[in-house]
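Note on naming: letters A, B, ... go to the chains in the order of the sequence lines (proteins, then strands), and numbering restarts at 1 for each one.
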Number of protein chains: 2
Amino acid sequence: MRKLRHQKRDNSASNRGQMAVVAILTAARDVLVEEGYPRLTMRNVATRAGITVGNLSYYYANKRDLMHDLVEAVLQGYFEDFEKITDNLEISPEERFEEMVRFIIGDLATKETTGFFPALWALANHDAFAAQEMAHIYQMERDSLAKVIGQLRPDLGKKERDLLALFISASMEGHTMFVGYRRDKASAIAEVTNIAVYSFLTLVKSIEARSIRGLKPVGKSAGKRLAS
Amino acid sequence: MRKLRHQKRDNSASNRGQMAVVAILTAARDVLVEEGYPRLTMRNVATRAGITVGNLSYYYANKRDLMHDLVEAVLQGYFEDFEKITDNLEISPEERFEEMVRFIIGDLATKETTGFFPALWALANHDAFAAQEMAHIYQMERDSLAKVIGQLRPDLGKKERDLLALFISASMEGHTMFVGYRRDKASAIAEVTNIAVYSFLTLVKSIEARSIRGLKPVGKSAGKRLAS
DNA sequence: CGCAATCTAGGACGATCGTCCTATATCAGG
DNA sequence: CCTGATATAGGACGATCGTCCTAGATTGCG
């Protein structure tokens, strides 16, 4: 977890210390969400947490460790959410699938998610740890989806189920920038969610393996150029 | 366009000056794509463009103007691409729709797009200009899609066509983080593209207006919390 | 109470940032 | 060829960054 500078042992983690760490991580998340990554500085985090830079450096000796814990803490919340939905066996697979879709799209419209995840995606392009944590959480999301897809389509092989889960998961994430918190099309979230449920359910129930393998090649792009 | 400090008039735009601006914007894009937004500094841009900071500030008096032109220049390229595809009347609407899907997913897998767009999305959360430019380019993408959707489904109203275009466009963008350049699932891009073509085409051809309006409420999320 | 562990504030440091200024160098038109 | 417009280099400036150090306050426990 946290890396103290003056550490003798870290296992103690006193009450005061634990609360301070939570306050720091919450402050860091809020700075990132409300002001963006460039303004996620040690001083801004400390100020929002109500402490000084010197004190912050007692809990986090460097910014990298702070980012480390921040990413882990935020993503940890989703692990618990996915487990809850996946383990809900009181409803049919179809209902469970719909609930997953509605949960994910509903979540991505929150201020925290709309602010945090695009920053995470950008970070993952150049930060190996962020990329790894991101891959981890999405793998879990896909596993949850693939499980339900398997119940809906027992005839499909694992590879096909995983590809469907990948397509559906990726598709949902894309809506963050459009129906997310205060984004252009936020007012259309209800309709978009309905289309998503209909579309993904139709896809899962109707697709055949041969449509996945396909015959046509991937469209080639010339790659974006600047100012023609 | 560019805002010189010593400007008497900007209309001239000599050959040397134009080439310098292109070199600067290309350098800026490359820095952003390869090193990320935090390292997009005036000095890094200048170095990559083969000039000095002092010289860079002759062409761009401040960083804001440089970012302005960079975003505009990159997005301008897509305007031209969309026009080409939309205006291609030699193929059927269904083929045109498929071409659009394959073009967009193919493009998002390029190094430039995978690097640039997540940075743009994150920026748009806290930069009004980036948000506006982003809204502009995606509106055009949706217009192109909605046009073809209208040819595929003349019975649908404009509102429904726009919502379908929104859903499809947003869904495709989401794949950037998964099948994009050097991303986890890049090797699955062919299969994912096939699923996308199948799924979007099935959606457009089969959905009824009542499935969009829907009856069920949007899934509520408790909002992400930190460290339970 | 007393003392060691824990926590906190404040300031310093070198590095890097955006911006700005000035002195030359290069170019194009008369 | 000369002269004004354009382009370029080099360095300076104050601000802000991550990091570090030290002295003192607070806490929990024997």
Rounded to the Å, how far apart are A:Asp65 CG and D:dG18 C1'? 13 Å

When rounded to whole Å, the CZ to P distance for the pair A:Arg64 and D:dC20 reads 13 Å

Is it true that B:Phe178 and A:Tyr138 have ring centroids separated by less than 6.0 Å? yes

Between C:dC20, D:dC20, C:dG18, which nucleotide gets closest to the side-chain atoms of B:Thr41? C:dG18

Rounded to whole angstrom units, what separation is found between the NZ atom of B:Lys63 and the P atom of C:dC17? 9 Å

Residue pair A:Arg39/A:Gly54 against DNA chain D: nearer the 5' end by closest nucleotide is A:Arg39

Between C:dG11 atom C1' and A:Leu56 atom CG, what is the distance in whole Å? 16 Å

Do B:Glu98 and B:Arg102 meet the salt-bridge criterion of a basic N to acidic O distance under 4.0 Å? yes

Between CG of B:Asn44 and P of C:dA15 the distance, given in whole Å, is 17 Å

Derivation of the side-chain hydrogen bond (donor to acceptor under 3.5 Å, both in side chains) call for B:Asn125 and A:Tyr181: CA-CA 9 Å; B:Asn125 262 332; A:Tyr181 181 75; over 6 Å; no

D:dT8, OP1 or OP2 - any side-chain N/O from B:Tyr58 closer than 4.0 Å? no

Nucleotide D:dG10, atom C1' - distance to CZ of B:Arg43 in whole Å: 11 Å

Rounded distance (Å) that lies between atom P of D:dC17 and atom OH of B:Tyr37: 14 Å

Could you tell me how far apart B:Asn55 (CG) and C:dT22 (C1') are, to the nearest whole angstrom? 14 Å

Phosphate OP1/OP2 of C:dT8: any A:Tyr59 side-chain N/O under 4.0 Å: yes

Only one of B:Met67, B:Glu133, B:His136 passes side-chain contact (heavy atoms from CB on, under 4.5 Å) with B:Glu72, and that residue is B:Glu133

